[in-house]
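So the structure is just underneath, and the comments pick up after that.
Order of appearance sets the numbers: ligands from 1, and atoms from 1 within every ligand. Source: prediction; values computed, not measured.
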Amino acid sequence: MIEIKNLSKTFETSSGPVEALKNVSISINNGDIFGIIGMSGAGKSTLVRTINMLERPSDGNVVIDGVDIGSLSDKELRKIRRTTTMIFQGFNLLMQRNCLKNVCFPLELAGTPKVEARKRALELLDLVGLKDKAKVYPAQLSGGQQQRVAIARALATNPKVLLCDEATSALDPNTTNSILELIRDINKRLGITVIIITHQMSVVESVCNRVAILENGSVVEQGDVEEIFSRPQSKAAKTLVFPEGQEEGGISDKQKYVVRIVFNGAVAANQPMVATLALEKNIKANICWASTKSIGDKAYGSMILGFATKEEMRIAEDYLSATQDVIINEI
Ligand SMILES: Nc1ncnc2c1ncn2[C@@H]1O[C@H](COP(=O)(O)OP(=O)(O)OP(=O)(O)O)[C@@H](O)[C@H]1O
Ligand SMILES: [Mg+2]
């Protein structure tokens with residue numbers, strides 16, 4: 001578990017102090033895919049850098065599995081950074097080393113014997129789907145492939161936590177989805193806790209289970225993604241969830257039976273799905289809110305549907321859950 005407790009960070013600059021973080025408290029459970037979202041300048045990168053003490057906080061603590069890491073020596077911190085690794089927007093690969101050697105790098109630093117490091121690096125390149133690129137240099141790879149190498153490198157030291165600072169911001173939507181898919185797979189298969197820093201709500205909605213919203217250095221809201229998506233409280237959350245000011249379409253008190261549908265590359269788009277529900281099952285769903293994108297013939301994003309009765313909601317859930325790549329949660 002990662003407990004960020006009353007964390008503050010003030011930078012002293014020539015034009016005066018800049019309060020990048022103000023009394024931030026966040027709890028992240030083991031196994032979470034935790035999103036930290038906010039506009040540019042909100043303090044996201046500063047926060048993520050304080051989680052592994054690349055940046056020393058001005059005040060407050062970061063406690064990882066019961067250890068207050070601010071109190072550790074530099075040597076102990078280097079060890080922590082092997083278990084709490086990072087990937088970045090710009091990939092940060094070593095351009096003069098091939099993929100295999102990039103992945104071997106943290107193992108060399110940790111003193112792993114060469115043969116063992118090479119074996120592990122090849123396994124990891126296989127895990128990220130780049131087995132055949134071991135001898136290729138980063139410049140010869142696409143952005144998505146470079147991020148895969150960076151992920152393999154971040155996994156080399158068997159971390160417990162993976163910190164992702166805008167890891168998909170430089171990628172197109174399809175590549176973004178494939179990288180998020182890989183991150184989800186890593187979280188599930190290896191049990192690694194993931195912290196995703198992003199300014200895109202779509203990233204949070206497609207992979208995160210919990211989220212904190214950062215505004216001007218403060219956390220204005222945190223909790224389960226579904227809860228915040230269906231009932232955003234703060235102004236910042238409302239702006240992120242309803243970017244075009246669509247609040248009026250939100251959930252009214254009358255709609256007691258509400259489901260959230262996440263499209264994860266489902267072939268059917270939202271409108272026909274709701275239309276066929278009406279035609280085939282004679283159920284009228286009320287679209288309370290929708291934010292979906294079609295990429296090719298596939299739909300991504302989410303939609304909140306309201307029903308008049310519980311019975312209707314159940315039938316609709318059965319009907320919609322038969323569609324591939326659609327996830328349904330009651331809210
Ligand atoms: N080393 C530094 N010295 C002075 N001020 C800094 C430093 N690093 C960050 N800041 C300031 O702290 C605030 C938060 O910056 P930060 O980089 O954490 O924001 P961010 O949310 O990551 O933004 P973006 O989405 O643009 O990456 C900004 O006002 C920034 O100018
Ligand atoms: Mg940043």
Side-chain angles (χ1 to χ4, degrees), residues 2-28 32-62 64 69-70 74 77 81 84-93 143 146-147 150-151 154 161-173 175-176 179-180 183 193-208 210-223 225 228 232 234-241 243:
I2 300 174
E3 293 161 277
I4 297 164
K5 295 183 183 172
N6 308 110
L7 205 70
S8 296
K9 175 72 188 182
T10 303
F11 291 106
E12 299 299 337
T13 69
S14 52
S15 48
V18 176
E19 285 186 273
L21 297 173
K22 302 169 198 163
N23 205 23
V24 168
S25 294
I26 300 176
S27 290
I28 300 167
D32 271 348
I33 303 187
F34 198 104
I36 295 173
I37 186 166
M39 307 285 197
S40 184
K44 305 181 295 294
S45 294
T46 307
L47 177 58
V48 79
R49 289 166 59 78
T50 52
I51 293 178
N52 58 11
M53 294 287 147
L54 282 173
E55 200 82 75
R56 290 273 173 182
S58 312
D59 210 351
N61 310 84
V62 176
I64 303 184
I69 64 159
D74 284 351
L77 266 183
R81 289 193 197 117
T84 307
T85 54
M86 280 186 94
I87 58 170
F88 306 88
Q89 177 169 6
F91 322 128
N92 297 20
L93 295 175
Q146 289 192 42
Q147 194 59 291
I151 290 171
V161 182
L162 178 65
L163 304 171
C164 312
D165 190 359
E166 300 280 6
T168 56
S169 299
L171 305 173
D172 65 56
T175 313
T176 291
I179 293 292
L180 293 177
I183 289 174
T193 305
V194 181
I195 301 178
I196 293 189
I197 301 287
T198 181
H199 63 276
Q200 290 173 299
M201 209 57 174
S202 58
V203 168
V204 171
E205 72 186 326
S206 72
V207 285
C208 298
R210 310 225 311 133
V211 63
I213 297 171
L214 207 57
E215 188 181 41
N216 292 326
S218 300
V219 173
V220 291
E221 204 161 329
Q222 66 177 304
V225 169
I228 288 183
S234 62
K235 193 164 173 285
K238 283 180 181 161
T239 311
L240 285 162
V241 174

Side chain proximity check, Thr198 to Glu166, heavy atoms < 4.5 angstrom = yes
inquiry  = side chain to side chain contact (heavy atoms under 4.5 Å, CB included) for Ile2 and Ile195? Distances and angles first, verdict last.
reply    = CA-CA 10 Å; Ile2 300 174; Ile195 301 178; 3.8 Å; yes
Identity and distance of the protein heavy atom lying nearest atom 6 (C) of ligand 1 = Phe11 CD1, 3.3 Å
message = Looking only at protein heavy atoms, which one is nearest to atom 23 (O) of ligand 1, and what is the separation?
response = Gly41 N, 2.8 Å
note = heavy-atom search around atom 25 (O) of ligand 1 in the protein gives Lys44 NZ, 2.7 Å
request  = Find all atoms of ligand 1 within a distance of less than 4.0 Å from any non-hydrogen atom belonging to Thr13, and give their numbers and elements.
outcome  = 4 (C)
query = Relative to the heavy atoms of Ser40, which atoms of ligand 1 are at a distance of less than 4.0 Å?
reply = 23 (O), 24 (P), 25 (O), 26 (O)
task = Find all atoms of ligand 1 within a distance of less than 4.0 Å from any non-hydrogen atom belonging to Ser45, and give their numbers and elements.
result = 17 (O), 18 (O), 20 (P), 22 (O), 27 (O)
Flag if over 12 foreign heavy atoms under 6.0 Å of CE, Met39 = no
query = Do you know which two heavy atoms are closest between Leu171 and Phe91, and how far apart they sit?
reply = CD2-CZ, 3.9 Å
key: Steps toward side chain to side chain contact (heavy atoms under 4.5 Å, CB included) verdict (Ser169, His199)   = CA-CA 8 Å; Ser169 299; His199 63 276; 3.7 Å; yes
request  = May I ask whether Gly38 has any heavy atom positioned less than 4.0 angstrom from an atom of ligand 1?
outcome  = no
inquiry  = Among all the protein's heavy atoms, is there at least one whose distance to atom 31 (O) of ligand 1 comes out below 4.0 Å?
reply    = no
ask   = Just which atoms of ligand 1 are under 4.0 Å from any heavy atom in Met39?
value = 21 (O)
query = Are the side chains of Ile196 and Ile33 in touch, meaning some heavy atoms are under 4.5 Å apart?
reply = yes
note = protein heavy-atom neighbour closest to atom 11 (C) of ligand 1 works out as Val18 CG1, 3.9 Å
query = Has ligand 1 got any nitrogen or oxygen that is less than 3.5 angstrom from a nitrogen or oxygen of Ala42?
reply = yes
ask   = Do other residues, nucleotides or ligands put more than 12 heavy atoms under 6.0 Å from Lys22 NZ?
value = yes
message = Using side-chain heavy atoms (C-beta onward) and a distance below 4.5 Å, is Leu21 in contact with Pro57?
response = no
message = Could you go through Leu54 and Arg81, starting from their C-alpha distance and side-chain angles, then the distance that decides it, and tell me whether this counts as side chain to side chain contact (heavy atoms under 4.5 Å, CB included)?
response = CA-CA 9 Å; Leu54 282 173; Arg81 289 193 197 117; 3.8 Å; yes
inquiry  = The criterion is side-chain hydrogen bond (donor to acceptor under 3.5 Å, both in side chains); which residues satisfy it with Ser45, sequence neighbours excluded?
reply    = Asp165
message = For the backbone of Ala167 and the side chain of Gln147, can you confirm whether one donor and one acceptor N or O come within less than 3.5 Å of each other?
response = yes
message = Is there a polar contact between ligand 1 and Thr46, counting only N or O atoms under 3.5 Å apart?
response = yes
request  = Could you see which bit of His199 sits under 4.0 Å from ligand 1, with heavy atoms only: side chain, backbone, both or neither?
outcome  = neither
task = Under 2.8 Å from the Mg ion (ligand 2), how many protein N/O/S atoms do you get? Just the number, please.
result = 1
key: contact_flag Lys9 ligand 1 heavy-atom lt 4.0 Å   = no
ask   = Any side-chain heavy atom of Thr168 sitting closer than 4.5 Å to one from Gln200?
value = yes
task = Taking only heavy atoms of Ala20 into account, list the atoms of ligand 1 that are under 4.0 Å away from them.
result = 12 (O), 13 (C)
key: Per-atom contacts, ligand 1 versus Gly43 - under 4.0 Å to a heavy atom   = 14 (C), 16 (P), 18 (O), 19 (O), 20 (P), 21 (O)
Derivation and outcome, side chain to side chain contact (heavy atoms under 4.5 Å, CB included), residues Leu47 and Ile26 = CA-CA 11 Å; Leu47 177 58; Ile26 300 176; 4.0 Å; yes
query = Distance from Ser25 atom OG to Lys5 atom NZ, nearest 0.5 Å?
reply = 9.0 Å
inquiry  = Does the protein come close to atom 2 (C) of ligand 1 - that is, does one of its heavy atoms sit below 4.0 Å from that atom?
reply    = yes
